[in-house]
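Beneath this line is the structure, given in structure tokens, with notes to follow.
Throughout, residue positions are numbered sequentially from 1 according to the sequence presented. In listed order, ligands and their atoms are each counted from 1.
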Amino acid sequence: MQIPVSSINYKGRDIDILRLDMANLPIGGNKYYKLKYNLEKMKAAGIKTVLTFGGAFSNHICTLAIACSEFDISGISVIRGEDDRKNPILNYARSLGMQLYFITREEYKNKETTEFLRQMKKRFGDFFHLPEGGTNSNAVKGCSEILSGRENVHDLIFCPVGTGGTLAGLISTPGLTSRVIGVSVLRGEDQHTEKIKCLLKENEIINSNWEIDTRFHLGGYAKYNPELIDFITWFQNEFGILADPVYTGKMFYSIFHLIDNNYLSTDKKIMAIHTGGLMGWEGWQYRFEHQSPKN
Ligand SMILES: *Cc1c(COP(=O)(O)O)cnc(C)c1O
């Protein structure tokens with residue numbers, strides 16, 4: 001599959017952008033790669049129900065709902081927090097037939113325990129367990145195909161990091177030696193590195209040339225400030241590319257910050273992966289109307 005690339009120039013640096021947001025994929029963005037082998041596994045095992053976890057504005061829940069309706073799978077999402085009948089993301093998932101089950105933030109912390117999963121089986125019957133964000137070894141395998149055909153064209157490859165599944169996949173791209181820089185969009189410094197190492201245990205091909213930049217989460221997951229929103233607006237006006245406010249906005253912001261401060265020399269070939277997520281604007285809009293950016 002041919003993924004389009006946009007090339008932009010900023011202060012003398014060429015930046016290639018791999019447009020997963022523009023690719024003709026059955027499900028948008030990086031979530032296609034994360035779901036691909038999970039859906040295949042389910043199909044092969046004849047399992048028709050999937051249960052997953054996420055926050056109330058999760059792109060993962062949204063894309064999984066699309067996949068479920070497309071492939072005739074019944075989906076159950078265990079959501080952190082309370083139901084909100086006005087939340088556009090939850091309503092969209094519901095409208096596609098996704099079943100939503102709400103648990104408290106406290107319960108959510110223990111969601112991946114055997115005991116909790118046993119309770120869920122009691123309640124919902126048998127299912128395929130897809131961890132939060134869809135991140136597992138199948139997702140890593142799928143994401144190791146994102147760069148397919150473009151390995152080692154660039155010195156630096158940037159991607160946003162949520163659960164780290166996408167980054168883990170990128171660094172297990174066969175033959176890749178380029179440096180991969182994951183821009184963390186959530187607070188919590190170095191849980192990532194551990195998690196990514198865990199995810200990669202089973203994979204044999206690992207590019208050890210990677211790092212996680214923890215400086216650009218802007219307060220944490222889905223937190224933002226006016227500067228980020230101004231940047232995203234400027235970026236769209238300047239280059240005609242829309243970034244999302246939760247993931248790719250922070251990644252592009254980090255790259256431009258590094259260039260502005262002369263951390264990226266002009267001879268480095270840079271690629272940024274636009275992982276999609278534009279549905280995030282709907283949730284952002286909704287939150288923006290109901291609370292101030294400081295919340
Ligand atoms: C889910 C998502 C990510 C994060 O992917 P992880 O594998 O969880 O790190 C990045 N970008 C977008 C647009 C997403 O929707």
Requested in this report: Kindly state each residue pair satisfying salt bridge (Lys or Arg N to Asp or Glu O under 4.0 Å) with at least one member in residues 153-181, sequence neighbours excluded.
Outcome: Arg179-Glu211

Ignoring hydrogens and angles, state whether a donor on the side chain of [X] or [Y] is under 3.5 Å from an acceptor on the partner side chain.
X	Y	answer
Asn87	Tyr92	no
Glu145	Tyr32	no
Thr163	Lys195	no

Query raised in the report: Is NZ or CZ of Arg187 both nearer than 6.0 Å to the six-membered ring centre of Tyr221 and within 45° of the ring axis?
Result: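 Cation-pi check for Arg187 and Tyr221: fails.
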
Query - Cation-pi, Phe128 ring and Lys41 (6.0 angstrom, 45 degrees) - result: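 Not satisfied by the 6.0 Å and 45° rule.
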
Query raised in the report: Considering only heavy atoms, which protein residues lie less than 4.0 Å from any atom of ligand 1?
Result: Asn30, Lys31, Lys34, Asn59, Pro160, Val161, Gly162, Thr163, Gly164, Gly165, Thr166, Tyr247, Thr275, Gly276, Gly277

